[in-house]
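Working notes, structure below.
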Amino acid sequence: MSSIGTGYDVSVSTYSPDGRVFQVEYAGKAVENSGTAIGICVKDGVVLAVEKLIQSKLLVPGANRRIQNVDRHIGIATAGLLADGRHIVKRAREEAQGWRDIYRQPIDGPGYHGTAVGKGRQVAKTEIEKLNLEGMTCREAVKHAARIIYNVHDDAKDKEFELELSWICEESNGFHQAVPKDLAEEAEQLAK
Amino acid sequence: MFRNQYDNDISTWSPQGRLHQIEYALEAVKQGSASVGLRSNTHVVLLALKRSSGELASHQQKLFRIDSHVGIAIAGLVSDARVLSNFMRTECMKSKMMYDRPIPGSRLVSLIGDKAQVNTQNYGRRPYGVGLLVGSYDEGTGPHLYECLPNANCLEYYAISIGAKSQSAKTYLEKFAKDFGEADLDALVMHGLHALRETLQQDKELNLNNCAIGIVGKDHDWELIEGDRLNGYLDRLETGASTTGATAAGDLVQGEAMDTTEL
């Protein structure tokens with residue numbers, strides 16, 4: 001869907017004549033051009049996965065994480081401008097902490113069954129829709145998530161990537177954490 | 001280069017989803033003279049090419065001590081670098097005061113990143129026009145090297161270079177990156193000098209005035225090597241000494257950090 005917004009597209013406080021705010025749509029483009037991030041909610045937990053496109057061989061693998069914690073039981077995977085992602089996580093942490101201060105209990109999490117953002121989101125969403133999420137366990141979900149990320153990665157267009165995985169489930173005691181190394185490696189092997 | 005109607009301020013996205021003001025700020029970093037950073041399993045070495053505005057002028061200081069376990073190399077607007085250095089020094093002090101331990105490098109650069117991000121989203125502000133290479137040594141996790149840029153991304157590297165002709169240095173660093181981990185301090189410094197040399201213009205050479213080396217690592221508080229103390233290293237660079245370890249030139253004595261008040 002493309003149309004020129006010339007004249008109505010330089011300020012975020014301006015609507016175009018057909019009711020669109022082009023600056024917001026342009027911001028969305030920055031997200032669309034980023035590596036894919038997906039989340040799937042299954043029977044006993046949630047799994048997040050990110051396709052981290054590697055810009056340089058000199059980057060330390062395992063560092064420069066795209067998935068961050070917001071309180072113990074919530075994780076956020078971001079796509080788009082990394083610095084803005086970190087800012088949003090910072091705000092989310094403040095909100096979560098604020099909630100705890102007032103209500104003396106953890107804040108509720110979001111409510112989708114599965115979703116994807118970034119370059120490969122169309123393909124990823126199609127793949128996720130095919131899965132039977134209600135009947136799946138977290139361990140299985142990790143393997144599917146890895147497979148889907150490998151699926152959406154376009155070898156021709158993009159350079160190499162690193163797969164980042166995290167989950168919240170019984171095995172992690174309800175805490176949002178990185179998927180244990182052995183399971184992550186197993187999932188990656190199956191995906192390749 | 002770009003020159004379009006979407007590049008006037010930070011709060012305007014282009015139709016392609018780009019923020020041109022950030023890209024222009026990155027240009028400011030590319031205009032600065034080169035800085036190189038690399039790390040082994042025990043040390044981080046930062047090196048810089050110091051520019052002078054003329055024969056009679058001094059060479060611009062590029063390496064700064066932030067704390068005994070953290071140092072930085074800069075490229076770009078020096079005044080912005082001063083502001084960020086002061087911020088970093090205060091944060092280091094706060095950490096020691098509140099938590100009784102030196103701030104971990106990763107935490108420090110996160111603070112820089114968050115501070116820099118504010119300038120990429122608020123109307124009327126401009127991104128910081130300086131790139132930082134931050135070298136730290138943390139008791140638990142060892143040496144770390146980070147690159148902090150005006151786009152508020154702070155990434156961790158094994159080796160990196162910023163500033164004018166930094167791509168040439170990066171090519172050298174990528175070629176020898178696998179040797180850095182196990183290298184001893186001397187070999188690491190020599191690799192750094194080779195990489196820095198790649199960034200020089202045709203007829204120029206490294207000399208006692210135009211380069212500087214900063215080292216931090218295991219049992220090695222931040223040390224700045226400048227002027228005469230560079231002799232040993234530069235001589236070995238001339239004679240094409242091998243970069244696989246050699247006896248130290250005896251210069252590795254704990255020095256005092258340079259006073260940065262006279263900028």
Side-chain angles (χ1 to χ4, degrees), chain A residues 1-14 16 20-34 52-66 68-69 78-94 117-119 159-160 162, chain B residues 4-9 11-19 22 37-39 105-106 109-123 127 141 143-161 167 169-178 180-181:
Chain A
M1 179 162 73
S2 62
S3 53
I4 310 176
T6 318
Y8 299 102
D9 61 348
V10 285
S11 166
V12 77
S13 336
T14 306
S16 71
R20 293 160 69 178
V21 182
F22 278 95
Q23 274 295 301
V24 175
E25 295 189 19
Y26 293 167
K29 294 256 166 66
V31 178
E32 275 170 30
N33 290 335
S34 153
K52 256 169 35 178
L53 296 168
I54 299 178
Q55 319 281 24
S56 162
K57 276 182 272 190
L58 298 170
L59 283 165
V60 177
N64 311 315
R65 296 197 161 274
R66 289 264 294 275
Q68 293 168 269
N69 267 320
T78 56
L81 281 144
L82 300 184
D84 290 1
R86 293 179 47 82
H87 179 75
I88 287 175
V89 169
K90 199 167 172 228
R91 284 287 298 114
R93 286 172 180 167
E94 286 163 14
V117 290
K119 271 193 184 114
K159 298 165 267 200
E160 293 175 35
E162 208 186 304
Chain B
N4 50 53
Q5 56 173 151
Y6 303 103
D7 67 353
N8 276 327
D9 56 61
S11 51
T12 304
W13 291 93
S14 79
Q16 293 76 35
R18 290 159 71 171
L19 290 168
I22 296 184
L38 60 168
R39 68 126 153 142
S106 58
V109 302
S110 289
L111 293 170
I112 299 170
D114 291 345
K115 188 173 167 68
Q117 193 277 343
V118 173
N119 287 30
T120 67
Q121 202 172 11
N122 292 330
Y123 180 75
T141 54
H144 293 281
L145 170 65
Y146 305 92
E147 178 199 41
C148 302
L149 292 177
N151 54 17
N153 280 352
C154 299
L155 299 179
E156 186 179 358
Y157 285 86
Y158 287 121
I160 187 70
S161 167
Q167 186 49 54
K170 266 187 237 185
T171 310
Y172 176 92
L173 293 171
E174 277 176 21
K175 196 165 162 200
F176 291 95
K178 56 183 172 9
F180 296 163

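Naming convention: chains lettered A, B, ... in sequence-line order (proteins, then strands); numbering from 1 in each chain. Keep in mind that this is a model prediction, so the values were computed, not measured. All values below come from the heavy atoms of this structure, side chains included, with hydrogens, waters and symmetry mates left out.
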Just verifying a value: how many Å separate [X] [atom1] and [Y] [atom2], rounded to the nearest 0.5 Å?
X: Gln121(B); Y: Asp84(A); atom1: CD; atom2: CG; result: 5.0 Å
X: Asn64(A); Y: Tyr146(B); atom1: CG; atom2: OH; result: 9.0 Å
X: Asn153(B); Y: Arg86(A); atom1: CG; atom2: CZ; result: 9.5 Å
X: Asp114(B); Y: His87(A); atom1: CG; atom2: NE2; result: 8.5 Å
X: Lys178(B); Y: Lys57(A); atom1: NZ; atom2: NZ; result: 11.0 Å
X: Gln117(B); Y: Ile88(A); atom1: CD; atom2: CD1; result: 8.5 Å

Need one label for [X]: side chain, backbone, both or neither, based on atoms under 4.5 Å from any heavy atom in chain A.
X: Ser110(B); value: both
X: Leu145(B); value: neither
X: Asn151(B); value: backbone
X: Gln5(B); value: both

Would you check if Val60(A) and Arg39(B) make a side-chain contact, meaning some heavy-atom pair closer than 4.5 Å?
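Heavy-atom side-chain distance check passes, below 4.5 Å.
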Between Leu81(A) and Thr120(B), is there a side-chain heavy-atom distance shorter than 4.5 Å?
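No, every pair of side-chain atoms sits at 4.5 Å or beyond.
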Proximity breakdown for Ser56(A) and chain B, heavy-atom pairs closer than 4.5 Å:
side chain
May I ask you to name which of Tyr157(B), Trp13(B), Tyr123(B) has the most heavy-atom pairs under 4.5 Å with chain A?
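The option with the most such pairs is Trp13(B).
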For chain A, the option from Ala177(B), Ser14(B), Gly113(B) that forms the most heavy-atom pairs under 4.5 Å:
Ser14(B)
Most heavy-atom pairs under 4.5 angstrom with chain B, which of Ala30(A), Ala63(A), Gly80(A), Pro61(A)?
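Ranked by contacts with chain B, first place is Ala30(A).
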Is Gln16(B) reaching over with its side chain to a backbone N or O of Lys29(A), donor-acceptor style, under 3.5 angstrom?
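Side chain of Gln16(B) to backbone of Lys29(A): no pair is present.
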